[in-house]
K.L.:
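The structure is given below, and queries will be raised subsequently.
When a ligand or atom number is given, it counts from 1 through the structure's own listing order.
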Amino acid sequence: MRRRIATRYTIEEENNLGRDSVTVRVPATSANVGPGYDCIGIAVDLWSEVTVSRCPEGDEIGFEITAEGEGADAMPKDETNYLVVGCKAAFDTANKPLPPLKYHVVSRIPYARGLGSSSAAIVAGIIAGLVLAGHRLPCWGSEALLQIAAGIEGHPDNVAPVIYGGIQLGIHNGTRWLTERVANPPGLQMIIFIPDFVGKTSDARGVLQDTVSREDAAFNIGRAAFLVHAFETNNLDNLRWGAQDRLHQPQRGSKLYKYLYPMIEAAEKAGACCAYLSGAGPTVMALTSGAAGDIFAQREKERTDILVAKAMIQCAKDFGIDGKLLVTNVVSEGARVVKVDPPFSTGEITYRDNI
Ligand SMILES: Nc1ncnc2c1ncn2[C@@H]1O[C@H](COP(=O)(O)OP(=O)(O)O)[C@@H](O)[C@H]1O
Ligand SMILES: N[C@@H](CCOP(=O)(O)O)C(=O)O
């Protein structure tokens, strides 16, 4: 049963009290957009939900992680799970000991496929921990949540869009992580081929050389500028050039994912604005434009998603790779609390979803 916090507290005081249970929704993300290795990422309209609750008094099981959906069996069920790592970081920040907690994940983000399941878990854990601990972070100008999350993950291209949604440009300025939102052109769709096999980011980072030539660096700088300009000006024809990369795709393509360049070529030939390796792979992401409102209400001859999807599926077949094809959108909103006990809403103020 939902308990309410006694009315002797002001709303501000009440919101800073710890909670018993919280549910956080976190989006998938597509990092390394084209040349944006370790810095440009996009939030994907595909969400997991994590509930973290304090163990009730007298509970004999104590700490527990349960999961359903994508990667439910494979994900760690001990303190190495990023949900716990994130939650612990939040309690550390609040200067409070981590209490025994129960974690339940409804996982819809494909596990270790290049769609940011690990960053989603880190951010969900941090937000859940902050709410349970009743601790508020400064955000405007200092973006403390980003500092904690990127500090754990080591790069901002997944965690920034998980937190803020949309298309994010993240850097480290030597002291702290910064991220900025880039315009999300209306009608952009994501056509995503997700192979059935796992590709761990740690392994895929291992195939990259430590140095790059001046020519390749210049190539990527120009492409990254073109990419951001294309998003900002809605000049989607330029995404084709803006998504080209020499920093990680050629290495990962030749050593790990032979289908990568043929699939990019097939998607672009079928009408995609661009295609690239999502995160560290094995997923391939194609972006198409022209979705007007709900795509199912749009005339098929005006849609490119079906042709691009078919071309990517055919390419996977040619390479003997099983997988699934998902069509979804860029999402402008990031992680959020969807349920909390006791709730934040009072008799006076009701928050979205009545949380
Ligand atoms: N809650 C979690 N969800 C997903 N991955 C987790 C979680 N906790 C720890 N991990 C680790 O993160 C790895 C997945 O991350 P990664 O290889 O970067 O792929 P992804 O692209 O899905 O983020 C797993 O192999 C696992 O070792
Ligand atoms: N910049 C990182 C991105 C990893 O993304 P993921 O979704 O595969 O975890 C890298 O290339 O290693």
K.L.:
Please report whether ligand 2 has a polar contact with Ser278, defined as an N or O pair separated by less than 3.5 Å (distance criterion only).
P.N.:
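N/O-N/O distance below 3.5 Å does not exist for this pair.
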K.L.:
Check each heavy atom of Ala121 against ligand 1 and say whether those closer than 4.0 Å belong to the side chain, the backbone, both or neither.
P.N.:
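Answer for Ala121: side chain.
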K.L.:
Is NZ or CZ of Arg136 both nearer than 6.0 Å to the six-membered ring centre of Phe344 and within 45° of the ring axis?
P.N.:
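So Arg136 does make the cation-pi contact.
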K.L.:
Going by the order shown, which atoms of ligand 2 are within less than 4.0 Å of some heavy atom of Asp157?
P.N.:
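Selected atoms, number and element: 1 (N), 2 (C), 3 (C).
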K.L.:
To which of Cys39, Gly116, Gly170, Pro156 does the heavy atom nearest atom 7 (O) of ligand 2 belong?
P.N.:
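Answer by nearest heavy atom: Gly116.
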K.L.:
With respect to Thr80, determine whether any N or O atom, backbone or side chain, lies less than 3.5 Å from an N or O atom of ligand 1.
P.N.:
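Between Thr80 and ligand 1 (N or O atoms, distance only) the closest approach is not under 3.5 Å.
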K.L.:
Do any nitrogen or oxygen atoms of Ser119 lie less than 3.5 angstrom from nitrogen or oxygen atoms of ligand 1?
P.N.:
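Between Ser119 and ligand 1, no N or O pair is found under 3.5 Å apart.
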K.L.:
Which of the numbered atoms in ligand 1 are under 4.0 angstrom from any heavy atom belonging to Asn81?
P.N.:
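Under 4.0 Å from Asn81, ligand 1 has these atoms: 1 (N), 2 (C), 7 (C), 8 (N).
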K.L.:
Tell me which part of Asp38 gets within contact of ligand 2: side chain, backbone, both or neither, using heavy atoms under 4.0 Å.
P.N.:
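Both backbone and side chain.
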K.L.:
Suppose I only count heavy atoms of Tyr82 and a 4.0 Å limit; which atoms of ligand 1 are within that range?
P.N.:
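Under 4.0 Å from Tyr82, ligand 1 has these atoms: 6 (C), 7 (C), 8 (N), 9 (C), 10 (N), 11 (C), 12 (O).
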K.L.:
Considering distance alone, does some N or O of Asn158 sit under 3.5 Å from an N or O of ligand 2?
P.N.:
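By distance alone, the answer is yes.
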K.L.:
Look at atom 10 (C) of ligand 2 and find which of Glu153, Arg113, Lys200, Arg205 reaches it with the closest heavy atom.
P.N.:
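The residue whose heavy atom sits nearest atom 10 (C) of ligand 2 is Arg205.
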K.L.:
For Phe296, does the six-membered ring have the charged nitrogen or CZ of Arg303 within the cation-pi criterion, i.e. under 6.0 angstrom from the centroid and within 45° of the normal?
P.N.:
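Pair Arg303/Phe296 counts as cation-pi.
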K.L.:
Is there a polar contact between ligand 1 and Gly114, counting only N or O atoms under 3.5 Å apart?
P.N.:
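In this structure, Gly114 places an N or O atom under 3.5 Å from an N or O of ligand 1.
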K.L.:
Kindly confirm or rule out an N or O of Ala112 lying under 3.5 angstrom from an N or O of ligand 1.
P.N.:
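N/O-N/O distance under 3.5 Å: yes.
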K.L.:
Based purely on interatomic distance, does Asn32 place a nitrogen or oxygen under 3.5 Å from a nitrogen or oxygen of ligand 2?
P.N.:
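There is such a contact, yes.
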K.L.:
Would you mind telling me if ligand 2 is within reach of the side chain of Leu115, the backbone, both or neither, using heavy atoms under 4.0 Å?
P.N.:
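For Leu115, the contact with ligand 2 is made by the backbone alone.
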K.L.:
For the residue pair Tyr257 and Phe197, establish whether any side-chain heavy-atom pair is separated by less than 4.5 Å.
P.N.:
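Side chain of Tyr257 against side chain of Phe197, heavy atoms only: contact under 4.5 Å found.
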K.L.:
With nothing but distance in play, are any N or O atoms of Ser202 less than 3.5 Å from an N or O of ligand 1?
P.N.:
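No - when backbone and side-chain N and O of Ser202 are compared with those of ligand 1, no distance drops under 3.5 Å.
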K.L.:
What residues, two or more places apart in sequence or in another chain, satisfy ring pair (Phe, Tyr, Trp, His ring centres under 6.0 Å) together with Phe219?
P.N.:
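For Phe219, no residue satisfies ring pair (Phe, Tyr, Trp, His ring centres under 6.0 Å) once neighbours in sequence are set aside.
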